[in-house]
Novice: 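Below you'll find the structure I mean.
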Amino acid sequence: MLKVYLAGEIHSDWRNELVELCKKEKLGIEFTSPITDHETSDNCGVEILGAEEKNFWKDRKGANINSIRTKKSIKDSDVVVVKFGEKYKQWNAAFDAGYASALNKSIIVIQNEDHQHALKEIDAAASAVASDQMQVVRILKYVLEGTLK
């Protein structure tokens, strides 16, 4: 079973779309991802470890706890798919791609043409740069089955 971590933007349903497309193709893939509920992700630190007066420390607690999940998921994966969305700057996605690269993981980036220049270094570290989820599904199918259909 191929293990795929889905990193990147959390403001669209791209993860579910990708998972459903892979199910339709009957691909043997186990998917993991960060916590995509913004409120849960942002507040996990203070909910678990206690309130903070300053947002810096609130964010720090949450980021540290979320990093446990992210690091484990990326380490355990065979492939990391990183989607860079259009609406927000994706510092977390860039960090995840760098971490995956440092661990010598295969990386597939999803981005639009507008991001090509800004992401050139990340693209250079990636095994493939796709423009949409369907291209990623076709890559994963090729990896698993060696077919183009």
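Keep in mind the model is a prediction, meaning the values are calculated, not measured. These values consider heavy atoms only, across backbone and side chains, with no hydrogens, waters or symmetry-generated copies.
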Novice: Considering residues, nucleotides and ligands other than Glu25, do more than 12 of their heavy atoms fall under 6.0 Å from its CD?
Specialist: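 Yes, CD of Glu25 has more than 12 neighbouring heavy atoms, counting only those of other groups under 6.0 Å.
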Novice: If I take atom OG from residue Ser73 and atom OH from residue Tyr99, how far apart are they, to the nearest 0.5 angstrom?
Specialist: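 It is 10.5 Å, given to the nearest 0.5 Å.
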Novice: Give, for atom CD1 of Ile107 and atom OG of Ser101, the distance between the pair rounded to the nearest 0.5 Å.
Specialist: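 Those atoms lie 4.5 Å apart.
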Novice: Between Lys23 and Val19, is the side chain to side chain contact (heavy atoms under 4.5 Å, CB included) condition met? List the steps.
Specialist: CA-CA 6 Å; Lys23 282 182 185 176; Val19 169; 3.9 Å; yes
Novice: Going hydrophobic residue to hydrophobic residue with side-chain gaps under 4.5 angstrom, can you get from Phe95 over to Val81?
Specialist: no
Novice: Do you know the tightest heavy-atom contact between Lys75 and Leu103?
Specialist: CG-CD1, 3.6 Å
Novice: Would you find a donor on one side and an acceptor on the other, under 3.5 Å apart, between the side chain of Glu20 and the backbone of Asn16?
Specialist: no
Novice: Cut-off 3.5 Å, no hydrogens considered: what does the side-chain donor-acceptor table look like for residues 29-40, sequence neighbours left out?
Specialist:
| from | atom 1 | to | atom 2 | distance (Å) |
| --- | --- | --- | --- | --- |
| Asp37 | OD2 | Thr40 | N | 2.9 |
| Asp37 | OD2 | Thr40 | OG1 | 2.4 |

Novice: Please list all pairs passing the side-chain hydrogen bond (donor to acceptor under 3.5 Å, both in side chains) test where one or both residues lie in residues 57-66, with sequence neighbours left out.
Specialist: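 Sorted result for residues 57-66: Ser41-Asn66, Asn43-Lys58, Glu52-Lys61.
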Novice: Please step through side chain to side chain contact (heavy atoms under 4.5 Å, CB included) for the pair Tyr142 and Leu148, ending with a clear verdict.
Specialist: CA-CA 6 Å; Tyr142 181 79; Leu148 295 173; 3.7 Å; yes
Novice: Let me confirm one number: the CD-CZ distance from Gln133 to Arg15, rounded to the nearest 0.5 Å.
Specialist: 10.5 Å
Novice: What's the separation between atom CG in Asp76 and atom NZ in Lys71, rounded to the nearest 0.5 Å?
Specialist: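 The distance works out to 13.5 Å.
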Novice: For the atom pair OG (Ser67) and CG (Asn92), what is the distance rounded to the nearest 0.5 Å?
Specialist: 12.5 Å
Novice: Could you give me the CA-CA distance, side-chain angles and deciding distance for Leu21 and Val136, then say whether side chain to side chain contact (heavy atoms under 4.5 Å, CB included) is met?
Specialist: CA-CA 10 Å; Leu21 288 167; Val136 175; over 6 Å; no
Novice: Which pair of heavy atoms, one from Asp96 and one from Ala7, lies closest together, and at what distance?
Specialist: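 For Asp96 versus Ala7, the nearest heavy atoms are OD2-CB, 3.5 Å.
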Novice: Do you know which two heavy atoms are closest between Cys22 and Leu140, and how far apart they sit?
Specialist: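 It is SG-CD1, 4.1 Å.
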Novice: Given Leu18 and Val137, is the side chain to side chain contact (heavy atoms under 4.5 Å, CB included) satisfied, shown in steps?
Specialist: CA-CA 7 Å; Leu18 181 63; Val137 173; 3.4 Å; yes
Novice: Backbone N or O of Glu86 within a donor-acceptor pair of the His115 side chain at under 3.5 Å?
Specialist: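 Pair absent, no side-chain N/O of His115 close to backbone of Glu86.
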Novice: More than 12 non-hydrogen atoms from neighbouring residues, nucleotides or ligands closer than 6.0 Å to CG on Asn104, yes or no?
Specialist: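 Incorrect, the count does not exceed 12.
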Novice: Of all heavy-atom pairs between Leu27 and Glu145, which one has the smallest distance, and what is that distance?
Specialist: CD2-OE2, 3.5 Å
Novice: Side-chain contact test, heavy atoms from C-beta onward, threshold under 4.5 Å: evaluate it for Val80 versus Ser77 and give yes or no.
Specialist: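 Yes, at least one pair of side-chain atoms sits under 4.5 Å.
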Novice: How many angstroms lie between CD1 in Ile108 and CD in Gln135, if you round to the nearest 0.5 Å?
Specialist: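 Ile108 atom CD1 to Gln135 atom CD measures 10.5 Å (nearest 0.5 Å).
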Novice: Is it possible for you to say whether Val46 and Ile65 belong to one hydrophobic cluster, with membership spreading through side-chain heavy-atom contacts below 4.5 Å?
Specialist: no
Novice: Could you go through residues 117-130 and list every donor-acceptor pair under 3.5 Å that involves a side-chain atom there, pairing it with any protein atom two or more places apart or in another chain?
Specialist:
| from | atom 1 | to | atom 2 | distance (Å) |
| --- | --- | --- | --- | --- |
| Asp123 | OD2 | Gln111 | NE2 | 3.1 |

Novice: The test is side-chain hydrogen bond (donor to acceptor under 3.5 Å, both in side chains); show your working for Gln90 and Glu9 and say whether it passes.
Specialist: CA-CA 7 Å; Gln90 306 293 308; Glu9 72 100 2; 5.5 Å; no
Novice: Side-chain heavy atoms under 4.5 angstrom apart, residues restricted to Ile, Leu, Val, Met, Phe, Trp, Tyr: same cluster for Ile10 and Phe84?
Specialist: no
Novice: Same cluster or not: are Tyr5 and Val109 linked, directly or through other Ile, Leu, Val, Met, Phe, Trp or Tyr residues, by side-chain heavy atoms under 4.5 angstrom apart?
Specialist: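 Shared cluster, yes.
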Novice: Tell me, do Ile110 and Trp14 make a side-chain contact under 4.5 Å, heavy atoms counted?
Specialist: yes
